[in-house]
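Following: one structure in structure tokens, then a few remarks.
Naming: A, B, ... by sequence-line order, numbering from 1 per chain. All heavy atoms count here, side chains included; hydrogens, waters and symmetry mates do not.
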Amino acid sequence: MSLRLIPDNKQSSQVSSTAFGTPAEHAPGLQDILKTQEGPLNIASKVNNRHPLESRITNWEQTQYETRLETYRRVFGAGEPIRRTMELQLIEATDFKPSVLGGSDTMHKDILLNKDTSVNWEDIYKGEFESGNNVKDFHTELENKVGI
Amino acid sequence: MPGLGFDNYQRNQFLSAKGFGQPMATSTGTTIVGCKFKDGVVIAADTRATAGSIVADKNCEKLHQLAPKIWCAGAGTAADTEMVTQLIASNLELHALAQNRQPRVITALTMLKQHLFQYQGHLGAYLIVAGVDPTGAHLLSVQAHGSTDIGKYQSLGSGSLAAMAVLETNFKEDMTKEEAMKLCANAIESGIWNDLGSGSNVDLCVMEVGKDAELYRNYLTPNVRAEKARSYKFARGTTAVLRESVKNILDIEETVINFTSTADAMEVDA
């Protein structure tokens, strides 16, 4: 029920050891080292000494989205945000393309989020496999999607 | 992470602590001005880009096009002004196509200010945005943190005080186009001579209601390098050859193959 314009500046006082990576089935308290191929996590580096802008930018879109839904709820009733969230979830449930091949096409999502007539840094620097980032491998993704 | 990433922040902090300073981002130092005249607006900029105390570019372009009739002059970090301007120019074009209307200067301004506010001033882009649209001629400015100003004459950058002195003295309402161009050129020249961060030439852009925008690249060039007193070319034979040795990289072998004998003619019909 937030009407925030700017993301909250929350620095958590405690963090779970599985908060920064998917837990492994064989060691539920740790990140899955084999699947991510990134080695053991350094939780301190994920929590401390981060750029002041980082949390603001990563949470910006989500905050704006929540504020918009809250405004719709107040103006049009509780059904509006529920319907919009449902439509987005429909797309997420039906589209699938592996991240190693570029991720699924964002056309439907763009139209629903009113981003089809604008371009932002996320469309230029996509953070995908081609730019050298470590993305989830195909098997993990498909397992998550199908629910194995 | 997608978008502008913060992955190297901790590494850079560590390196700074160890004494390896961060590379200096090319800044535009700069003098930029904008001035309204009767039925139009003029913006002008100098052309020096500095990296610390070194001139990185003697003739850089600080006037960027956001739309055919909306131009902006950028001061601050050169990469930030360039990239932010291009991003907003793309967004403006998409918006104009979707709405089927000519883009407006206040649209460009709002897009810029919302984007810069999101990055809390870390994107060092100080811009003077000007143009003509169906509502008339406009002159506006944006600071890196997202605040905006409206005015009849503006100046930004390290040479803004020198330029503003000229503008304050000589500005009058409803000037002609030529008077406004002369005033802006004088203001930039004042910045070029009196500020170390500005120099080289003057670029100018005139946007008049009902006409196309006109860009005058290097409108004034008061800093042409003087011709050298002598020719410093050396005549052939100045240095004598002491010794010559040629080493063959490849061994070349020649064999001649004759294609003229009819016995080896190609069989066309089997």
Side-chain angles (χ1 to χ4, degrees), chain A residues 4-9 20-21 36 38 41-65 67-68 99 102-104 106-107 109-111 113-136, chain B residues 1-18 22 66-67 77 79-104 107-108 110-125 144-147:
Chain A
R4 300 190 157 280
L5 284 175
I6 294 162
D8 201 4
N9 201 1
F20 297 105
T36 59
E38 268 176 7
L41 263 184
N42 183 353
I43 305 271
S45 77
K46 297 273 184 188
V47 174
N48 302 329
N49 293 331
R50 297 251 111 186
H51 197 278
L53 257 190
E54 188 169 357
S55 72
R56 184 178 165 110
I57 300 297
T58 39
N59 297 326
W60 187 267
E61 276 313 316
Q62 188 59 28
T63 314
Q64 300 292 318
Y65 178 68
T67 305
R68 210 178 310 139
S99 301
S104 46
T106 56
M107 183 182 78
K109 222 173 167 199
D110 282 346
I111 294 172
L113 293 172
N114 196 21
K115 294 212 175 309
D116 58 334
T117 53
S118 60
V119 65
N120 203 351
W121 299 122
E122 283 77 29
D123 300 307
I124 302 166
Y125 304 113
K126 295 192 185 111
E128 44 175 15
F129 187 64
E130 279 98 17
S131 55
N133 293 311
N134 195 13
V135 299
K136 270 190 178 172
Chain B
M1 66 179 270
L4 299 182
F6 300 92
D7 306 320
N8 288 331
Y9 179 65
Q10 285 166 326
R11 178 206 72 171
N12 292 343
Q13 285 223 299
F14 175 77
L15 287 173
S16 300
K18 290 290 171 188
Q22 278 194 317
L66 292 173
T77 310
D80 288 341
T81 57
E82 181 70 39
M83 291 299 136
V84 167
T85 303
Q86 285 185 348
L87 186 73
I88 266 65
S90 298
N91 274 326
L92 203 60
E93 166 108 19
L94 285 170
H95 187 256
L97 287 168
Q99 304 290 329
N100 200 19
R101 283 172 169 77
Q102 298 275 330
R104 298 189 181 193
T107 315
T110 309
M111 287 180 178
L112 281 166
K113 103 198 280 199
Q114 288 180 351
H115 189 83
L116 291 172
F117 177 70
Q118 189 185 350
Y119 284 86
Q120 262 185 318
H122 287 262
L123 284 177
H145 285 266
S147 57

task: May I ask you to name which of A/Asp116, A/Asn48, A/Leu53 has the most heavy-atom pairs under 4.5 Å with chain B?
output: A/Leu53
- prompt: Side chain, backbone, both or neither: which part of A/Ser45 has a heavy atom under 4.5 Å from chain B?
  reply: both
- request: Go through the side-chain N and O atoms of A/Thr63 and A/Asn59 and say whether any donor and acceptor fall under 3.5 Å apart.
  value: no
Test ring-ring contact (aromatic ring centres under 6.0 Å, His included) applied to B/Tyr9 - qualifying residues, sequence neighbours left out: A/His51
- request: For A/Ser55 and A/Asn9, work out which heavy atoms get closest and say how close.
  value: OG-OD1, 4.2 Å
query: Which bit of A/Asn120 is near chain B, if near means a heavy-atom gap under 4.5 Å: side chain, backbone, both or neither?
result: both
query: A/Ile124 versus A/Trp121: any side-chain heavy-atom pair under 4.5 Å?
result: yes
message: Looking at A/Thr117 and B/His95, would you say the former's side chain and the latter's main chain have a donor-acceptor pair under 3.5 Å?
response: no
- prompt: Who in residues 110-117 of chain B is close to chain A, using a strict under-4.5 Å heavy-atom cut-off?
  reply: B/His115, B/Phe117
message: So does A/Val119 get a backbone contact from the side chain of B/Asn91, meaning a donor-acceptor N/O pair under 3.5 Å?
response: yes
- prompt: If you measure from OG1 on B/Thr107 to CG on B/Leu92, what distance do you get to the nearest 0.5 Å?
  reply: 6.5 Å
- prompt: Who wins among B/His122, B/Gln99, B/Gln13 for the most heavy-atom pairs under 4.5 Å with chain A?
  reply: B/His122
Nearest-0.5 Å distance, CZ of residue A/Arg56 to CD of residue B/Gln118: 7.5 Å
